[in-house]
Number of protein chains: 2
Amino acid sequence: MLTLKKVAELAGVSTTTVSRVLNNTYRNKVSEATRQRVLRIVEEVGYRSSVPARALRQKRTYQYGLVIPSLAFSYMPEVVQGLQLVAAQYDYACLLYITQEDSSYELEIFRVLNSLHVDGVVWMPQPHHEPNLVQALSQKKVVEILNRSGIANLPSVTIDQELGGYLAAKHLLDMGHRRIGAILHPGIHWKQRFAGYHRALREAGQENLSALVYTDMVLWQNGITAFHELYQQDPGITAILAASDDVAAGVIYAARHQGLCVPDDVAVIGFGDNPISRQGEVSISTIRHSKREVGEQAMRLLVALINNEEVKDIVFRPKLIVRQSSSNSLKK
Amino acid sequence: MLTLKKVAELAGVSTTTVSRVLNNTYRNKVSEATRQRVLRIVEEVGYRSSVPARALRQKRTYQYGLVIPSLAFSYMPEVVQGLQLVAAQYDYACLLYITQEDSSYELEIFRVLNSLHVDGVVWMPQPHHEPNLVQALSQKKVVEILNRSGIANLPSVTIDQELGGYLAAKHLLDMGHRRIGAILHPGIHWKQRFAGYHRALREAGQENLSALVYTDMVLWQNGITAFHELYQQDPGITAILAASDDVAAGVIYAARHQGLCVPDDVAVIGFGDNPISRQGEVSISTIRHSKREVGEQAMRLLVALINNEEVKDIVFRPKLIVRQSSSNSLKK
DNA sequence: CTGAAAGCGCTAACAG
DNA sequence: CTGTTAGCGCTTTCAG
C-alpha cells in the first residue's frame, strides 16, 4: 500500500514535509524546489492520503451524513444534485441514509453517524420522531432541509410555505373556485402553508376550506387515497390544493379514473415544480422553487457550520406556475 | 470524547478486554461477569467505537461506494432500497456518488474511493468511460449492476436482456404488429436486448425492425426526442419497443401530443416495471424484474466478495406484463 | 526551511 | 481469562 512514508522516502524528505506540501500548511515554508520534487513523486506514483488515517488524527472525516425519508420523492434527485455539487467543491463525501419513515431507525442512524464521526448532517425530517432524537441531534452539526421539525433549533434551508400556500389558494380563488379541498402533509411546515391558504381565503371573503385531508407521505399513491377522502368529505369541491406535485399527480390520476375532467370538473395545484408536473397527460400547476438551490445552500450552510462560521437560516420565496391542471376552470 | 480507554477505566479492565467484548473476539475467553460489567458501562455511557480509528487498524472501513449515473431513473429508489436493506444487516454504510454521465468525473470518483479505503463498490456503469477506469477498477472489489460495461470482468447482477427483448418483441408481434420501431440505449446490455428482438422477429418470419433510434440516457425527455426520430425514419410504425419505462412514458406523452392514440395508433412497451409505468394516463406494458432484489443481491455479492468468498454472477429472468399501452391494438 | 517524536482510538500479537 | 505492547497512516507540536 502506498503511504506517506513511502512517498517521503522516494522524495528523500521526511513525512512531515510531504504532509506539509500536500496540505499547503505553513505556506511558503517549504522551498519551491522541495515542493516540486514531492509533487512530482506524488503524481508519479499516484499517491492519495488515507482518509481514515487523517480523520483519526485531524478529527475530521470530510464526510457528511444525508438523512432523508425516501428517495422516491420526485424532487430528491435535484436536491441531491445540488448538495453534491457543493460538497464536491469542498471535498465532502456523502453518506446516504434513508429512514423509510421509520422513526426508531432514524434515531439509530443518528447514533451510527455519531460513531462514524461525520463532520455534519443534512437532515430532512419526517413527520414523527423519537423523543431521544433531540439529544442525538444536539451533539452534531445538523442542517435541516425543506421541513421544519421544530424539535430543535437547527439551522435550516426552507421554502416560505406561508407564501406558497397563499399563492396557490389565491390562484384557485381567482379562477372562481369557492369550494376548495386541501391535502396537507403534517411535517412540511404545514401550519405555515395552512396559514397561507387562510390568508387567501380571508381576502376572498371566505371562512374555510370545504374539505381537508392529512397524508403521511407525499407520494403519488397518497394522492389517490387523499382524493377519495376529499370527495367523501365534500362531493361538491371544484378545486384541490395538493401537498406536493407527486400528490397532485395522484389526485389527477384518480379524478380522471372517476370520469372527472381536470381542470374543468376539478382544478388541481401541486407544490414544488418537480419533473413529474410536466410529464403527465395534464401538466400540473404548481408552486415553484429551485430544488437544486435548496441542496446547494444546505451544503453551504453545513460547511459554514462545520467551520464554526456564523450562519443564518435560508428561506426561498416560491412562485406560482400556472399550467393545464388549473386553467380555464370556472371562468370557461 | 468517549473512548475505549475511558470505558476501560470505568469498568476497571484493560482496553483489550473492552475491545474483545465489543467485537466478540475470542469468544468465551472473557468471563461472563466481566463481559456483563463492560456491556453495562458501555450501555450506560452510550459508547460507540470510532469508525475511523478501527478502520485504520483493521484496514476495513465498513463503507461501500455506490456509483450511479443518475438518481432520476424511476427505478433507482427501489434498487437503493434493496442495497441499503442488506447493507444495514452487515453494518455497511453507503457513500453515494452520482456521475451525471460525466466519464472523467466517474474516473475521479473511483480514485477518491480508493483513498477513502472503502471496502467495495457497487457500480452502475454509464455508456462511456475513460480508458484509465479499468486500472482504477482493478484495485477494488466492485460489483456491477444492471449494466454491462464489458470493460472488465466484474461480478455482476443483471437482467437477462436477451429474454426481455424477446418477450417484448414477441408480444408486439403476437398483437399483430409488423412495423415496429425500437429505442435502444447502448450500455444496458443493448446487444443482448437487440438479439432478443431479432430472435422474436425471425420466429415471426420477419427480417428487421422498421426504425431504430439510439438514446444516451433513459429518461422521460429522451423518450420524446426518440419518438420523433422514430417517426421520421418510418411514419408507418404501429408499435415501439422503448428502452425503459421512463422512455416509454416519454414516447406515450409525445405520441398523444401528436394526436395519436395509444395503443390504437401506436402500441408501446417499456422495460423495468417501475412506478412510472402505472402512474400515467395509459398504463405501460413492460418487462418486469424486481429492482429491490437486484439491489439486495448486488449487496450480498459485494459482501461475499469482500469476505473473499467465491461469487458467481446473478442473472434475473424478467417477465412480460401487459397493460394498456399495448392492448387491443391491431386485433381490435 | 526541515525533521524527530508523539499520539489520535483502536485491535492484534504475545505474554502471562 | 486478562493485560502489555506495538503500531495502523497521518498531522502537529517542538526543536533545530
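Because the structure is predicted, anything quoted here is derived from the model rather than measured. In what follows, every chain begins at residue 1, and chains take the letters A, B, ... in the order their sequences are listed.
Listed nucleotides D:dT12, C:dT11, C:dT2 differ in distance to A:Thr34; the shortest reach to its side chain belongs to C:dT2. Closest approach to the A:Lys59 side chain among C:dA12, D:dT2, C:dC8 is made by C:dC8 (side chain taken as heavy atoms from C-beta onward). Considering only the side chain of B:Thr17, D:dT2 comes nearest among D:dT2, C:dT11, C:dA4. Ranking D:dT13, C:dA6, C:dG9 by closeness to the A:Thr16 side chain, first place goes to D:dT13. Residue A:Ser14 has its side chain nearest to C:dG3 when only C:dC8, C:dG9, C:dG3 are considered. Here the nucleotide nearest the side chain of A:Leu4, chosen from D:dC10, D:dT4, D:dT2, is D:dC10.
A sub-4.0 Å separation between OP1 or OP2 of C:dT11 and a side-chain N or O of B:Ser19 is present. Between B:Thr3 and C:dC8 there is no side-chain polar atom (N or O) within less than 4.0 angstrom of OP1 or OP2. Between A:Tyr62 and D:dC10 there is no side-chain polar atom (N or O) within less than 4.0 angstrom of OP1 or OP2. When the side-chain nitrogen and oxygen atoms of A:Lys5 are compared with OP1 and OP2 of D:dC8, none of them lie within a distance under 4.0 Å.
Interface remark: the A:Arg20 side chain does form a donor-acceptor pair with the C:dG3 base, using a distance-only criterion of under 3.5 Å.
With rounding to whole Å, B:Met1 atom CE is found 14 Å from C:dG7 atom C1'. With rounding to whole Å, A:Asn24 atom CG is found 12 Å from D:dT11 atom P. Separating the NE2 atom of B:His117 from the C1' atom of D:dC8 is a distance of 11 Å, rounded to the nearest angstrom. If you take NZ of B:Lys6 and P of C:dC10, they are 10 Å apart, rounded to a whole angstrom. One can place CD of B:Gln36 at 16 Å from C1' of D:dC1, the figure rounded to the nearest angstrom. Summarising the geometry, the separation between CZ on A:Arg54 and C1' on D:dG9 is reported as 11 Å, rounded to the nearest angstrom. Rounded to whole Å, the distance from CG on A:Asn23 to P on D:dC10 is 10 Å.
For the residue pair B:Glu296 and B:Gln81, no side-chain donor N or O sits within less than 3.5 Å of a side-chain acceptor on the partner.
Side-chain contact between B:Leu10 and B:Val45 is present, with heavy atoms from C-beta onward closer than 4.5 Å.
Nearer to the 5' terminus of DNA chain D, by closest-nucleotide assignment, is the contact made by B:Arg37 (compared with the other of A:Ala53 and B:Arg37).
Salt bridge annotation for A:Lys5-A:Glu9: absent, with no cationic side-chain nitrogen under 4.0 angstrom from a carboxylate oxygen.
For B:Asn307 (side chain) and B:Glu309 (main-chain N/O), no donor-acceptor pair under 3.5 Å exists by modelled atom type.
Less than 6.0 angstrom separates the ring centroid of B:Tyr75 from the ring centroid of B:Phe73.
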